[in-house]
Amino acid sequence: KRHAFWETQPVGQFADRGKDLEEGPIEPPQDVAEVRQEPYNLPKNFEWCTCDLNSDETAAEIYNLLTTNYVEDDENMFRFKYSKEFLRWALQPPGYFTSWHIGVRGQATKKLVGFISGVPAHIRVRDKVIIMAEINFLCVHKKLRSKRLAPVLIKEVTRRVHLENIWQAVYTAGVVLPTPITTSRYWHRSLNPKKLIDVGFSRLGARMTMSRTIKLYRLPETTVTPGFRPMERRDVAAVRRLLHSYLSQFVVAPELSEKDVEYWLLPIEDVISSFVVEDPESREITDFCSFYTLPSSILGNKNYSDLKAAYSYYNVATKTPLLQLMNDALIVAKRNMYDVFNALDIMENQTFLKELKFGPGDGHLHYYLYNYRLNAAMKPETLGLILL
Ligand SMILES: COc1cccc(CC(=N)NC(=O)c2cccnc2OC2CCNCC2)c1
């Protein structure tokens with residue numbers, strides 16, 4: 001039975017499409033005292049564990065589980081390879097709960113075989129700001145698939161989110177579940193076309209030679225915008241103002257405090273890269289761009305083991321044309337040996353994707369809300385939220 005689990009959950013149901021139901025929470029909040037106190041039952045010989053990412057050993061166990069068992073592309077040629085430092089950054093934002101970093105171990109072996117995580121975030125939906133859990137990194141070991149472990153992991157993280165008196169969540173998936181609030185398409189900009197073709201990420205265009213392809217994607221060594229430089233702590237207040245104002249145009253977007261901006265956007269090598277444009281005259285911060293670093297394992301190529309990929313994060317252009325700002329981001333990524341620069345067709349990205357020579361990817365990323373009904377699916381350009 002398709003979606004047997006999701007038809008039991010407070011999410012938009014396919015059967016409800018077209019009905020003019022009230023927009024908002026599907027179930028009312030409960031009294032925290034009424035929330036189930038004990039963890040859900042796991043299959044025999046498995047046990048829950050709460051994962052402390054500050055323990056190097058535990059962080060390494062999560063890194064190893066994801067590196068060998070997490071999301072692959074549709075043709076199983078690549079697998080996300082989040083670094084330990086990235087996982088610590090992604091999972092320990094201001095206000096995080098260690099109890100939302102949930103593992104499953106074999107009782108006998110104590111081997112980590114399953115994981116799911118949540119972090120708290122203030123998300124605005126139209127004119128309402130709601131504290132939600134951002135759910136991510138759901139992973140079941142390849143050898144334990146179809147044991148129905150994923151529904152139990154989802155119910156357990158939901159229970160622990162409820163214990164913190166939080167009743168909504170947001171998550172993404174490459175698969176269609178009941179019911180996407182929007183479906184975005186991903187696009188890729190080649191930076192190292194020779195390697196991308198060698199590993200099968202891209203194909204040589206029709207009537208294209210390799211040398212012509214290398215020339216097509218060539219980028220200058222230096223950025224073109226005067227005042228373009230890495231973001232620093234002293235820029236946090238200005239970047240927060242830029243970002244808060246920019247995101248207010250979207251239907252769904254995060255509400256970021258200065259602490260949030262400091263945490264999510266100050267550069268961390270090989271994790272998050274961010275840049276500001278400081279007007280040389282006025283010294284004002286007029287623009288901002290950022291991308292995060294998410295390599296992938298290349299499965300079964302004799303020459304390469306890893307794909308170095310940059311993922312477009314939040315970008316705000318108020319004086320510099322967005323096209324020029326993003327081209328500077330490509331130039332920096334290329335200079336730092338990234339092989340490819342990825343972006344979703346959300347926010348205003350469609351205004352630069354084709355012109356900057358991004359090509360459409362072969363898949364979609366669907367966005368979901370838990371326990372919050374939106375009446376109609378949104379266009380991806382009205383979405384202002386990036387999940388890692
Ligand atoms: C190239 O290596 C891959 C390894 C695994 C999966 C995919 C395809 C894919 N599923 N890509 C995306 O989901 C994607 C494409 C562009 C931008 N963000 C993305 O996903 C982000 C956001 C959701 N969590 C994963 C990272 C590619």
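Atoms within a ligand are numbered from 1 in the order they appear, just like the ligands themselves. No hydrogens, no waters, no symmetry mates; every other heavy atom, side chains included, goes into these values.
- Under a 3.5 Å cut-off, the side chain of Thr318 and the backbone N or O of Thr286 do form a donor-acceptor pair.
- Heavy-atom distances between Tyr70 and ligand 1 stay at or above 4.0 Å for every pair.
- Ranking protein heavy atoms by distance to atom 4 (C) of ligand 1, first place goes to Ser296 OG, 3.4 Å.
- Counting only heavy atoms of the protein, atom 24 (N) of ligand 1 lies nearest to Leu388 O, 3.2 Å.
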Stepwise salt bridge (Lys or Arg N to Asp or Glu O under 4.0 Å) test for Lys308 and Asp339: CA-CA 5 Å; Lys308 188 174 182 184; Asp339 298 316; over 6 Å; no

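- With a 4.5 Å cut-off on side-chain heavy atoms, Tyr70 and Phe80 count as touching.
- The ligand atoms of ligand 1 that sit less than 4.0 angstrom from a heavy atom of Leu344 are 16 (C), 17 (C).
- Using a 4.0 Å cut-off to heavy atoms of Thr172, the atoms of ligand 1 that qualify are 23 (C).
- From the protein, the heavy atom lying nearest to atom 8 (C) of ligand 1 is Tyr186 OH, 3.5 Å.
- What sits closest to atom 21 (C) of ligand 1 on the protein, heavy atoms only, is Tyr292 OH, 3.4 Å.
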Show me the donor-acceptor pairs within less than 3.5 Å that the side chains of residues 378-388 make with the rest of the protein, sequence neighbours left out.
residue	atom	partner	partner atom	Å
Glu381	OE1	Gln350	NE2	3.0
Thr382	OG1	Lys379	O	2.7

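- The main-chain N or O of Ala108 is never found under 3.5 Å from a side-chain atom of Asn45 such that the two would form a donor-acceptor pair.
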Would you tabulate the side-chain donor-acceptor contacts of residues 148-155 under 3.5 Å, counting partners in other chains and residues two or more places apart, or write 'none'?
none

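- Listed by atom number, the atoms of ligand 1 under 4.0 Å from Phe201 heavy atoms are 1 (C).
- Atom 22 (C) of ligand 1 has as its closest protein heavy atom Leu387 O, 3.3 Å.
- Residue contacts with ligand 1 for Tyr82 involve side-chain atoms from C-beta outward but no N, CA, C or O (heavy atoms, distance under 4.0 Å).
- Each of Trp89, Tyr313, Tyr314 was checked for a ring pair (Phe, Tyr, Trp, His ring centres under 6.0 Å) with Trp264, and the lone residue meeting it is Trp89.
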Audit row: Gln168, Leu369, side-chain contact (heavy atoms from CB on, under 4.5 Å) steps and yes/no: CA-CA 7 Å; Gln168 271 74 35; Leu369 288 177; over 6 Å; no

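- Residue contact check: Glu72 has heavy atoms under 4.0 Å from atoms 5 (C), 6 (C) of ligand 1.
- Protein heavy atom nearest atom 19 (C) of ligand 1, with residue, atom name and distance: Tyr311 CE2, 3.7 Å.
- For the pair Arg88 and Phe86, the cation does not sit on the ring face, since its NZ or CZ is not both under 6.0 Å from the ring centre and inside 45° of the axis.
- Taking only nitrogen or oxygen atoms, main chain and side chain alike, Asn136 does not reach within less than 3.5 Å of ligand 1.
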